[in-house]
Amino acid sequence: MKKLKKIAFIGLTAATVVSCKPGIKTYASYEDYPLRYGNLIEMLYTPEQTTFMVWAPTASEVGVRLYETGQGGYAYDFIKMKPGQDGTWQAEVKKDLLGKFYTFDVKVGDTWLGETPGINARAVGVNGDRGAIIDMKATNPEGWEDDIRPELLSTADMIIYELHYRDISMHKSSGITHKGKYLSLTENRTLVPSTYYTTGIDHLKELGITHVHLLPSFDYASIDEAHLEKEKYNWGYDPKNYNVPEGSYSTDPYDPYIRIREFKQMVQALHQAGIRVIMDVVYNHTYNTDDSPFERTAPGYFYRQNADGTFADASACGNEIASDRAMMRKYMIESILYWIDEYHIDGFRFDLMGIHDIKTMNEIREAVNEVDPTICMYGEGWAARAPQYPAKKLAMKGYASQMPGIAVFSDELRDAVRGPVMKDKKGGFLTGVSGNEESIKFGIAGAVYHPQVDYSKVIYTDSAWAAQPTQMISYASSHDDLCLVDRLKSTMPAITAEELIRLDKLAQTTVFTSQGIPFIFAGEEVMRDKKGVHNSYKSSDQINAIDWRNKETYNDVYEYYRGLIRLRKNHPAFRMGDADLIRKHLEFLPVTQKNVVAFQLKDYANGDSWENIIVILNSSKKSVKVDIPKGTYVPVCYDGKIDESNLKQVSGTSITVPKQSAMIIRQ
C-alpha cells in the first residue's frame, strides 16, 4: 500500500469581509470566504494534548463540549476556542483525553447552531452524534501494515460486483455467521453444510470478479445503531459522517474502535483474496440540512441555493452539496485521500455524480493519481433534478470525455437491453422490442466513437460521449430499479422458466462482451430476485436477502457467469481499453433480422491468441441464420453453454444461432 502523499490545496483567494458588526460576520459572496490551508482534520490526539480545530468563518463564538460517553449524559467541560486568521477556530486541552467524546458548538450572531461532531469526524460514538477521541493506530488489525492492493494491470481488466452486506449474508442459506456485518466478508464458507456450494468470500473468489462495490459504508443516519435488534434495512444513501464507517455493520456500534477495525479486517481479507474494494460515496447531499454538521458549522456555504435563497435540491433528498465552492472541493479531495490512506480503499463510485462540477471531479482524479492511478473512479452521470450550477460545467455523462480516468454508467446499454428505467412493464432488446440494436452496438463499442454506429438511433444520446471505453460502465441491472430477473418477469408476465434463464444469460453476454467495464449486481449469478420491489432501499431482508440455495438450483446459470468472466479474462480482445484499437479491430457484421446484433473482433485484437472472434446476440424467439466471413470456426459459446476447450469445428459463410441466446465462435 503506497503511503498517502500530502498535497497542497492551491488557487485560494483572500476573504473580503463585508460586515463585522458585533457578533455578526458576513461576506459579499461564498467565493470571498476565508480559506483554510493545510489538512482539514478537526481533532489531533496525543497523550499530552488534544488539539481541536474547526473552520467556521461566520462564527462569533465556538466551543468544544467534552463527554464521558458517546450518547446520553451531560458535557463535563466546555472549552472556548480561539479564532484564527483563515476562519479556523482552535483549542488545546493539555491532558490525556483518550476514550472521551466531543462535540463542537458554533454560535453565529446571537444563535448557537447546535452540537455536531464536526464535518470531519474520523471516529464517533453510537449513532454518530459525538466525535470520539481514540488512538487510530489501535484500530489496525494484525498485519495491516503489510496489506497491499491486488495487482491491476489495466482499468480494462476490471470486473465489478456490487453488493450490500445484508443481502449476501442474512439468508440462512448463506452459512455466514456475522450476518449483515463487515466481518461477513472475512468468512471463508468453502462448503455450506449439506450442500456443495460456496458462499462468502470464497464465492467471490470462485466467481472470478476483480472488484467488490460496497453500497454506502460511511456512517449514515437512517438506522438506529442503538436498537439493532429491530433489524432495520437501508442502502445507506443518507450521509451523516463521511469519514467514519457505519456502526450498524459492526459487532458493537458503541465502541468507536470496533467499527473501524472490522472495516479494515474486511478490506484486508478481500485484498488477501485478490479482490479490490470500491466504496460507494454520496457527497452530493446530506441526510438533513439545517441539523447537518455542515450547516451547523458554516451556514449556507456547503449547499447550493435557489434564487430565492432556499436550498437547491438536485438530489431530490432535500439539498445539494456545493462541490464547486473551494472548501467543499477541498473537503471532498481530502475525504477520498483519507479513505485511501487509512482504509486502503481501491476505488470510488460517486452517487449522482452529475451534481458535482467537472473541475472538482478532475481535481479528485489528479490527487488520486498521485497516490495510485489504478484506483478507479466512476459514477452516475446524471442528477435527480437540474442542479443550481451551469449545466456545461457539471460532471454529467455527456461530458465524460472532459473527465479522463473517470467512468460513468451507460443507461443507453442498460435500457436498450432490458427496457427503460422505472417503466417496469416496457421491455427492450431481451423481450423482442426492435429498434434497440444501435444502442446495443453503442454499448458494445464502449461508448466511444465508432463509424458503424448510427447515433441518431441511440437512446438518450446522439453522439459518443466516452474518450476511452474504460469510461463506460456496462451493466444490465444494479441495486436501483428492478433487478434483472424481476425486470424480465415484469416485462414478460408469461415468461417460462426456460426463457428466463436464456434471456438472463443473453443479457450478461452483452455486458461481458462489451468493451466497457462489466458490472453485475450481487446474486444475479444465482438468479436472485427482490420479489418485484424496484426501490428496495428500506425493504426487509425477506425482500433483499439472496437465497443461496439458488446456486444449486441454477448452477447452470452460475457456471455460465463464471464462463463469461473467464472468457473475458483469458481474451484481451474483449477488453481492448483503447478507442483506436476498438475502431481498428471491432467490426459490426451486417444483419437483416431485427433483434440481432453481430460483431467481429478481428486480426488478433489487442494481442489475443484467437485470430478472429465473432459474437452474435439473438433475442428473437426463433433461430436466425447470420452471414459471417467465410472460414472455419470453433464455437465457444452456444445455446447457453460456454466451453473454451471445445474442438468441434464449423465451416461456411453463415451460421444458425438458437433463439434467445448468444453465440461466440473463434478462429
Side-chain angles (χ1 to χ4, degrees), residues 1-2 141 143-144 146-169 174-176 178 181-190 197-217 245 249 262-281 339-340 342-349 368 371-378 407 470 473-475 478-479 508 511-512 517-526 546 548 551 558 561-570 575:
M1 177 62 57
K2 296 182 180 179
W144 184 243
D146 299 320
D147 178 59
I148 60 173
R149 185 169 287 125
E151 184 179 49
L152 182 70
L153 298 179
S154 168
T155 303
D157 298 341
M158 292 174 56
I159 299 168
I160 303 172
Y161 187 86
E162 182 193 45
L163 63 82
H164 187 285
Y165 305 103
R166 296 183 74 92
D167 290 12
I168 65 163
S169 63
S174 74
I176 290 173
H178 296 96
K181 305 300 181 183
Y182 298 123
L183 295 181
S184 66
L185 285 172
T186 67
E187 293 188 42
N188 296 313
R189 304 301 301 181
T190 304
Y197 59 83
T198 58
T199 62
I201 201 166
D202 277 319
H203 172 79
L204 301 179
K205 291 166 60 178
E206 184 183 79
L207 185 59
I209 53 96
T210 65
H211 292 66
V212 292
H213 164 156
L214 305 172
L215 263 67
S217 302
Y249 300 140
E262 290 178 347
F263 187 97
K264 290 179 177 179
Q265 286 177 271
M266 173 193 64
V267 173
Q268 185 180 43
L270 287 165
H271 282 175
Q272 289 172 351
I275 299 170
R276 289 189 170 209
V277 181
I278 298 168
M279 271 192 67
D280 198 325
V281 289
W339 281 103
I340 294 171
E342 185 65 41
Y343 292 95
H344 301 182
I345 292 298
D346 309 298
F348 300 89
R349 178 266 195 191
V368 169
V371 180
D372 186 342
T374 70
I375 294 171
C376 67
M377 287 175 54
Y378 60 95
T470 49
I473 302 296
S474 174
Y475 73 122
S478 66
H479 70 277
Q508 297 301 359
V511 168
F512 278 91
I517 297 171
F519 171 109
I520 58 175
F521 181 39
E524 284 184 340
E525 72 278 14
V526 295
I546 299 168
W548 289 104
K551 189 172 181 181
Y558 173 65
Y561 275 63
R562 289 186 70 204
L564 285 173
I565 291 172
R566 282 196 305 270
L567 188 67
R568 188 176 178 92
K569 284 185 170 182
N570 291 342
R575 44 185 174 84

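This chain uses plain numbering: 1 for the first residue, then up along the sequence.
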ask   = What residues form a salt bridge (charged side-chain N to carboxylate O under 4.0 Å, His left out) with R166, not counting sequence neighbours?
value = D541
key: Partners meeting side-chain hydrogen bond (donor to acceptor under 3.5 Å, both in side chains) with S174 (sequence neighbours left out)   = K179
message = Please check: side-chain N/O of S169 versus main-chain N/O of D167, any donor-acceptor pairing under 3.5 Å?
response = no
remark   = Across all chains, not counting sequence neighbours, the salt bridge (charged side-chain N to carboxylate O under 4.0 Å, His left out) partners of K264 are E342
request  = Give the minimum heavy-atom separation between I176 and I168, together with the two atoms involved.
outcome  = CD1-O, 3.8 Å
ask   = Partners of F348 by ring-ring contact (aromatic ring centres under 6.0 Å, His included), sequence neighbours excluded?
value = none
note = Residues R575 and K569: closest non-hydrogen pair is NH2-O, 2.5 Å
message = So, using ring-ring contact (aromatic ring centres under 6.0 Å, His included) as the criterion, who are the partners of Y558 when residues are at least two apart?
response = H203
query = Can you name the side-chain hydrogen bond (donor to acceptor under 3.5 Å, both in side chains) partners of Y561, sequence neighbours left out?
reply = D504, Q508
inquiry  = Tell me every residue that passes side-chain contact (heavy atoms from CB on, under 4.5 Å) with D202, counting only those two or more places apart in sequence or in another chain.
reply    = N188, T190, T198, K205
message = Suppose we screen for salt bridge (charged side-chain N to carboxylate O under 4.0 Å, His left out). Which residues come up paired with R562, at least two apart in sequence or across chains?
response = E559
ask   = Any donor-acceptor pair under 3.5 Å linking the side chain of Q268 with the backbone of D147?
value = no
Any residue meeting side-chain hydrogen bond (donor to acceptor under 3.5 Å, both in side chains) with H479, in chain and number order, not counting sequence neighbours = E162, Y237
task = Measure from the side-chain N and O atoms of D346 to the backbone N and O of V277, and report whether any donor-acceptor pair falls under 3.5 Å.
result = yes
inquiry  = Could you work out, with ring-ring contact (aromatic ring centres under 6.0 Å, His included) as the rule, every residue matching Y165, not counting sequence neighbours?
reply    = Y182, Y249
request  = Only counting residues at least two apart or in another chain, list the ones meeting side-chain hydrogen bond (donor to acceptor under 3.5 Å, both in side chains) with H211.
outcome  = none
query = Within the distance-only criterion (no hydrogens, no angle test), does the side chain of E206 pair as donor or acceptor with the backbone N or O of L204 below 3.5 angstrom?
reply = no
message = Looking at T210 and I159, would you say the former's side chain and the latter's main chain have a donor-acceptor pair under 3.5 Å?
response = yes
request  = State, yes or no, whether a side-chain contact exists between K551 and T199 at a heavy-atom distance under 4.5 Å.
outcome  = no
ask   = Parallel under 30°, tilted from 30 to 60°, perpendicular over 60°: which one fits the rings of F263 and Y343?
value = perpendicular
